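Below: one structure, written as structure tokens.
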Amino acid sequence: MNYVEPNPRAAAGGERVLSGMRPTGALHLGHYHGALKNWAQLQHDNACFFFVADWHALTTHYESPEVIASHTHDMVVDWLAAGVDPQHATLFVQSRVPEHAELFLLLGMGTPLAWLERVPTYKEQIANLKDKDLLTYGFLGYPLLQAADILIYQARWVPVGADQIPHIEMSREIARRFNTLYGKDPDIEAKARDAASRLPDEQRQQLQALRRAADQEGQVELREQAHALVAASRLSRVDKDALRAQIDGGRRSILREPEALLTPESKLPGLDGRKMSKSYGNSIAIREERAVVEHKIRRMPTDPARVRRSDPGNPEKCPVWEFHQAYTDEACREWVRRGCTSAGIGCLECKQPVIDAVLREQQPMLERAQPYLDQPGLVRDILDAGTQRAQAAARETMQMVRDAMGLRGA
Ligand code: TRP
Ligand code: SF4
């Protein structure tokens with residue numbers, strides 16, 4: 001028996017949605033509010049593909065491969081705990097679909113180095129992660145690998161946080177360039193060449209230079225200038241149409257241009273008010289023990305001006321208030337505003353509704369996770385089935401890509 005049946009709705013239609021996460025092990029509530037809750041919603045109306053980006057982990061952590069398998073397992077348990085449902089979405093592991101690597105290789109042939117070097121996170125990360133040698137080929141190529149991850153599924157939407165937007169933008173440029181290079185319609189080319197031969201020499205050369213520059217640098221203004229030149233020429237209507245089609249690419253779309261689906265910033269900060277992060281020690285795990293949740297919230301710092309119970313406080317200066325905004329209702333928040341500013345309530349009192357709400361949110365997640373903890377083989381079954389489905393989709397794209405790039409064998 002196959003544990004996971006494909007979701008008929010996802011298989012039948014809906015837009016393709018794709019997102020990935022590096023295997024970082026157990027996730028925290030920041031991941032839940034910042035990504036997973038959204039994934040679990042998207043899976044109902046779309047054909048969702050969610051994958052463990054284990055190759056991406058190696059682009060920065062190539063020296064610690066021993067943790068990847070356990071981190072993958074723990075992370076996927078948290079996806080499932082958060083409500084990502086293998087009956088609706090396809091869950092898989094990147095490295096088990098080697099077609100991603102093939103597309104990465106092929107896209108690499110025509111990708112200008114400058115596109116990779118100008119990705120904002122590139123120089124930043126090299127500077128930030130000084131303890132690691134990131135002057136590697138793999139690290140430079142990582143946004144291209146990400147483009148391959150996306151384009152191989154012809155994904156329409158890519159739910160990501162704001163930090164990933166430049167990567168999605170680059171994936172779009174890569175798709176456009178691929179379609180320009182390999183999606184040429186031979187008829188349009190011939191007709192355009194014919195039409196261009198009727199232009200005066202100077203205009204023809206100018207047009208050609210503009211078109212080349214527009215294709216290579218992707219600059220919209222250059223394309224507009226080329227259109228203007230054609231419009232101002234004395235060519236026939238038919239000739240103008242042929243040249244216009246050529247300027248716009250004269251191409252079929254082989255790879256789809258994806259769009260970022262920006263996930264709203266999580267309202268939930270870490271326990272100390274900074275961004276929630278395991279490395280800051282300010283996080284609450286998705287599957288945290290109840291007693292630990294309670295302990296961590298009780299120990300949260302509050303408005304530093306409230307030294308004694310009798311000192312009034314200001315919620316705006318307190319991270320607990322931000323938890324209230326993410327977790328409690330307006331009536332409760334009104335109680336906090338009054339109680340805090342008048343020293344009517346104590347901080348432990350104020351924290352209690354937050355503790356209750358976090359525990360309430362966690363309860364179904366703990367329950368959903370339990371079967372996967374009892375039978376770790378279930379996670380493997382889910383990923384096996386997902387990998388098969390993902391691979392079938394990836395193979396379809398690769399067939400077209402190989403064809404377009406002249407790789408038909410003998
Ligand atoms: N780069 C993403 C991150 O670090 C992970 C990722 C890899 C991804 N491939 C992707 C996200 C494709 C969306 C789509 O968070
Ligand atoms: Fe923060 Fe609540 Fe204490 Fe005010 S009463 S300082 S909001 S924990």
Side-chain angles (χ1 to χ4, degrees), residues 16-24 27 31 34-35 38-39 42 48-61 75 92-95 97 100 103-104 119 121-122 125 139 141-153 155-172 174 258-263 271 273 297-325 327-328 332-355 390:
R16 281 237 178 114
V17 169
L18 174 112
S19 198
M21 248 187 230
R22 292 162 179 248
T24 51
L27 301 177
H31 296 116
N38 189 35
W39 286 15
L42 287 166
C48 286
F49 290 75
F50 299 129
F51 74 98
V52 180
D54 53 353
W55 280 338
H56 284 271
L58 286 174
T59 62
T60 48
H61 292 68
M75 182 169 83
F92 67 101
V93 177
Q94 180 185 35
S95 64
V97 186
H100 289 226
L103 184 56
F104 169 59
V119 169
T121 44
Y122 179 63
Q125 290 236 56
F139 186 67
Y142 132 77
L144 187 63
L145 178 58
Q146 181 162 355
D149 297 336
I150 297 168
L151 301 178
I152 205 164
Y153 297 103
R156 167 83 197 275
W157 298 110
V158 186
V160 286
D163 62 314
Q164 296 289 313
I165 299 281
H167 297 154
I168 309 306
E169 196 43 55
M170 198 179 101
S171 303
R172 293 168 61 83
I174 301 267
E259 286 174 60
L261 192 62
L262 186 63
T263 314
L271 292 160
I297 298 177
R298 284 171 155 262
R299 265 188 24 216
M300 272 178 81
T302 59
D303 175 0
R306 273 204 95 175
V307 183
R308 280 173 298 258
R309 166 72 173 78
S310 52
D311 297 330
N314 176 357
E316 298 299 334
K317 296 190 172 147
C318 177
V320 178
W321 177 237
E322 297 188 63
F323 272 61
H324 269 285
Q325 281 166 324
Y327 278 101
T328 64
C332 180
R333 294 202 287 263
E334 184 51 31
W335 168 77
V336 172
R337 263 186 235 110
R338 281 163 193 264
C340 179
T341 50
S342 65
I345 59 171
C347 290
L348 282 178
E349 228 177 309
C350 174
K351 288 169 172 177
Q352 194 56 47
V354 171
I355 293 173

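Quick caveat: nothing in here was measured; it's all calculated off a predicted structure. Start at 1 and go down the list; that is how both ligands and their atoms are numbered.
Of all atoms in ligand 2, listed by their number and element, those nearer than 4.0 Å to a heavy atom of V320 are 8 (S). Each of the atoms 4 (Fe), 5 (S), 6 (S), 7 (S) of ligand 2 lies under 4.0 Å from some heavy atom of C340. Each of the atoms 12 (C), 14 (C) of ligand 1 lies under 4.0 Å from some heavy atom of I150. With ligand atoms numbered from 1 in the order given, ligand 2 contributes 6 (S), 8 (S) to contacts under 4.0 Å with heavy atoms of T302.
The distance from atom 2 (Fe) of ligand 2 to the nearest N/O/S atom of C318 is not under 2.8 Å. Among the atoms of C347, an N, O or S atom is found under 2.8 Å from atom 3 (Fe) of ligand 2.
Counting heavy atoms under 4.0 Å from ligand 1, residue Q94 does not touch it at all. Under 4.0 Å from ligand 1, the heavy atoms of V158 that appear belong solely to its side chain. Under 4.0 Å from ligand 2, heavy atoms of D303 appear from its side chain as well as its backbone. At a heavy-atom cutoff of 4.0 Å, ligand 1 is contacted by the side chain of Q164 but not by its backbone.
Annotation: atom 5 (C) of ligand 1 to nearest protein heavy atom, G20 O, 3.7 Å. Protein heavy atom nearest atom 9 (N) of ligand 1, with residue, atom name and distance: D149 OD2, 2.8 Å. In this structure, the protein non-hydrogen atom closest to atom 4 (O) of ligand 1 is R22 NE, 3.1 Å. Of all protein heavy atoms, the one lying nearest to atom 2 (Fe) of ligand 2 is C350 SG, 2.3 Å. At the shortest separation from atom 8 (C) of ligand 1 among protein heavy atoms lies Q146 NE2, 3.5 Å.
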Start with the C-alpha distance between F50 and M21, add both sets of side-chain angles, then the distance that settles side-chain contact (heavy atoms from CB on, under 4.5 Å), and finish with yes or no. CA-CA 8 Å; F50 299 129; M21 248 187 230; over 6 Å; no
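Under the 30°/60° scheme for interplanar angles, the aromatic rings of F323 and Y327 are found to lie parallel.
F139 contributes atom CZ, which lies 12.5 Å from atom CG of L145 (distance to the nearest 0.5 angstrom).
Looking at L18, D149, V17, I152 one by one, the single match for side chain to side chain contact (heavy atoms under 4.5 Å, CB included) with F49 turns out to be L18.
Close N/O approach between S19 and ligand 1 is not found [any backbone or side-chain N/O within under 3.5 Å].
For R338, the CZ atom sits in a loose shell: 12 or fewer heavy atoms of surrounding residues, nucleotides or ligands are nearer than 6.0 Å.
By the 4.0 Å heavy-atom criterion, R306 is counted among the residues contacting ligand 2.
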